[in-house]
Amino acid sequence: MKRYFNKFLGFFSEDLGIDLGTSNTLICVKDKGIILNEPSVVAINTRTKDIFEVGERAKLMIGRTPNNLDTIRPLKNGVIADYEITEKMLSSFYKRVSHNRFFSSPRVIICVPAGVTQVEKRAVIEVTREAGAREAYLVEEPMAAAIGIGLNIFEPEGNMIVDIGGGTSELAVISLGGVVKTSSFRVAGDRFDTTIIEYIRQKHNLLIGEKTAEDIKKQIGAVVELEEDISIDISGRNALNGLPKDIKIYSSEIVEALGELLQQIIEEIKVILEKTPPELSSDIKRRGIYITGGGALLRGIDKKISESLNLNVTISEDPLNAVINGIQILLKNFHVYNKVLISPETDY
């Protein structure tokens, strides 16, 4: 990682933000916005270990590779699981965004899940500083998301953020520029996909891959019964005879498949609310809960959570980019928001 960051950061003097996510990696530059948004997927040659494709092209290869190629997602549950592959992935992204840039020693803000360990936080900061960053800071995902959707995090009132990402869901109660209560758990987009795969295998005797499951989730994914039961045609392998098979899947089936997972998210929200001080609880009752992340796009998720908790639930305007939008605001107003960041000078 250090070797890569030395090369990568050396091309930027402008403030730089990185959202290294389980599903997507986003990079933004102060006053220039998002300059890269690609899936965190790498296709490698299993014999030579060389990179074959990265990002969107690699994602299209999931479940379709020959014996000499393999697709890898090097981030699991919001943290780096394979440093070598992550380095190669970022190196490829670097080549895409570094043309015509001749800068040096940037200030870097990197987003991390609220649940990462102190050791992981220290490692990310130290490797970034050693790599040549002028200053290196971390920001927790729910805090960045809160800033990204326009909340005033410094006011003496409680706000609750539920950020449902690819690898983890991040819950946080925020007040006076700090996180009062937080939880990070592994019920999120990836679990939704694997649950859909298992549901279709059991109910329809059809084997499908991750890409098909994700398409189902995006196109007809719902957690409440819809007025119109929308459908999607999918193809897979018949589990009984091994032959290709086409079937039609309805949104009502996805409601059934994802019901238990959504209930787990609701129960986790209850746990956080039970631990929240009474004054902040009254604020949340009045202001409601804000949902960000890709999971916010599931049809009816706000209605389901609202009915279960008897609270107002608001889906943010741009849920997929809430975190990176927050990082951009941090970069533009660093002197205002630097107190919410984790740095080598603070106790982490």
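Values in this document were obtained by computation on a predicted structure and should not be read as measured data.
- Glu53 pairs by the salt bridge (charged side-chain N to carboxylate O under 4.0 Å, His left out) definition with Arg57, not counting sequence neighbours.
- Between Ser316 and Ile149 the shortest heavy-atom distance is CB-CG2, 3.3 Å.
- Ile315 is not listed as a side-chain neighbour of Leu297, based on a closest heavy-atom distance of 4.5 Å or more.
- Within a 6.0 Å sphere centred on CZ of Arg237, other residues, nucleotides and ligands contribute 12 heavy atoms or fewer.
- The shortest side-chain heavy-atom distance between Glu268 and Val187 does not fall under the 4.5 Å cut-off.
- A continuous path of ILVMFWY side-chain contacts below 4.5 Å connects Leu262 to Leu226, so both sit in one hydrophobic cluster.
- Formation of a donor-acceptor pair under 3.5 Å by the Asn45 side chain with backbone atoms of Thr48 is found in this model.
- Residues Tyr290 and Val340 are members of one and the same hydrophobic cluster, defined by side-chain heavy-atom contacts under 4.5 angstrom among Ile, Leu, Val, Met, Phe, Trp and Tyr.
- Rounded to the nearest 0.5 Å, atoms CD1 (Ile44) and CG (Asn68) are 11.0 Å apart.
- Linking ILVMFWY side-chain heavy atoms closer than 4.5 Å, directly or via other members, places Val173 and Ile305 in a single hydrophobic cluster.
- Around the CG atom of Asn241, the shell of radius 6.0 Å holds more than 12 heavy atoms that belong to other residues, nucleotides or ligands.
- For residues 291-305, every residue pair satisfying the side chain to side chain donor-acceptor pair (under 3.5 Å) rule, not counting sequence neighbours, is listed here: Asp163-Thr292.
- Within 6.0 Å of atom CD in Glu317, 12 or fewer heavy atoms from other residues, nucleotides or ligands are found, so the atom counts as exposed in its surroundings.
- Closest non-hydrogen pair, Cys28 versus Leu16, comes out as O-CD1, 3.4 Å.
- Hydrophobic clustering of Ile, Leu, Val, Met, Phe, Trp and Tyr side chains at less than 4.5 Å, counting indirect connections, unites Phe192 with Ile249.
- Side-chain N or O atoms of Ser251 include none that pairs as donor or acceptor with a backbone N or O of Ile220 at under 3.5 Å.
- In this structure the side chain of Asp190 reaches within 4.5 angstrom of the side chain of Ser23, judged on heavy atoms.
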| task | Would you sort out whether Ser184 and Glu170 count as a side chain to side chain contact (heavy atoms under 4.5 Å, CB included), showing the intermediate values? | result | CA-CA 5 Å; Ser184 176; Glu170 310 282 329; 2.9 Å; yes

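- The line from CD1 of Ile265 to CD1 of Ile164 is 4.0 Å long, rounded to the nearest 0.5 Å.
- Shortest non-hydrogen contact noted between Leu206 and Ser235 is CD2-C, 4.5 Å.
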Exercise for review: Check the pair Asn24, Asn37 against side chain to side chain contact (heavy atoms under 4.5 Å, CB included), reporting the backbone distance first and the verdict last.
Suggested key: CA-CA 7 Å; Asn24 287 74; Asn37 182 355; 3.4 Å; yes

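- When all heavy atoms are compared, the tightest approach of Ala296 to Ile291 is CB-CG2, 3.6 Å.
- The distance from atom NE2 of His204 to atom CD of Glu253, rounded to the nearest 0.5 Å, is 3.5 Å.
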task = Please lay out, stage by stage, how Glu260 and Thr195 fare under the test side chain to side chain contact (heavy atoms under 4.5 Å, CB included).
result = CA-CA 10 Å; Glu260 183 179 340; Thr195 300; over 6 Å; no

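- Between the side chains of Thr46 and Asp70, no donor-acceptor pair is found at a separation under 3.5 Å.
- For the atom pair CD of Gln328 and NZ of Lys32, the computed distance is 12.0 Å after rounding to the nearest 0.5 Å.
- Not a single salt bridge (charged side-chain N to carboxylate O under 4.0 Å, His left out) links Asp50 to another residue, sequence neighbours left out.
- Of the candidates Ile174, Ile161, Leu151, Met143 forms a side chain to side chain contact (heavy atoms under 4.5 Å, CB included) with just one, namely Ile174.
- For the side chain to side chain donor-acceptor pair (under 3.5 Å) test, no residue two or more places apart in sequence or in another chain qualifies with Asp31.
- The backbone N or O of Asn310 lies less than 3.5 Å from a partner atom in the side chain of Lys285, making a donor-acceptor pair.
- To the nearest 0.5 Å, atoms CE (Met160) and OG (Ser175) are separated by 13.5 Å.
- Side chain of Thr194 to backbone of Arg191: a donor-acceptor contact under 3.5 angstrom is found.
- The environment of Glu198 atom CD is dense: over 12 non-hydrogen atoms of other residues, nucleotides or ligands sit within 6.0 angstrom.
- No side-chain heavy atom of Val224 sits less than 4.5 Å from a side-chain heavy atom of Val255.
- Within the 4.5 Å cutoff, no side-chain heavy atoms of Val179 are placed close to those of Pro142.
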task = Take Thr25 and Glu38 through the test side-chain hydrogen bond (donor to acceptor under 3.5 Å, both in side chains) and record every step on the way to the result.
result = CA-CA 6 Å; Thr25 294; Glu38 290 278 342; over 6 Å; no

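- Pro66 is listed as a side-chain neighbour of Leu69, based on a closest heavy-atom distance under 4.5 Å.
- A donor-acceptor distance shorter than 3.5 angstrom exists from the side chain of Asp283 to the backbone of Gly158, with no hydrogens or angles considered.
- Nearest heavy-atom pair, Asp193 versus Glu214, reported as atom, atom and distance to 0.1 Å: OD1-CA, 3.8 Å.
- Qualifying ring-ring contact (aromatic ring centres under 6.0 Å, His included) partners for Tyr337, counting only residues two or more places apart in sequence or in other chains: Phe154.
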Apply side chain to side chain contact (heavy atoms under 4.5 Å, CB included) to residues Leu75 and Met89 and explain how you reach the verdict.
CA-CA 11 Å; Leu75 292 112; Met89 178 184 75; 3.9 Å; yes

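- In terms of modelled atom types and a separation under 3.5 Å, the side chain of Thr168 and the main chain of Phe185 share no donor-acceptor contact.
- Applying the ring-ring contact (aromatic ring centres under 6.0 Å, His included) rule to Tyr250 yields no partners; only residues at least two apart in sequence or on another chain are considered.
- Residues Val336 and Leu341 are members of one and the same hydrophobic cluster, defined by side-chain heavy-atom contacts under 4.5 angstrom among Ile, Leu, Val, Met, Phe, Trp and Tyr.
- For Lys59 and Glu56, the salt-bridge test fails: no basic side-chain N is under 4.0 Å from an acidic carboxylate O.
- Note that CD1 of Ile232 is 10.5 Å distant from CD1 of Ile247, once rounded to the nearest 0.5 Å.
- Remark: Lys270 engages Glu267 in a salt bridge, criterion side-chain N to carboxylate O under 4.0 Å.
- Asn321 is listed as a side-chain neighbour of Leu26, based on a closest heavy-atom distance under 4.5 Å.
- Using a 4.5 Å cut-off on side-chain heavy atoms (C-beta onward), Lys30 and Arg107 make no contact.
- Across all their heavy atoms, Ala213 and Ile197 have their closest contact at CB-CG1, 3.6 Å.
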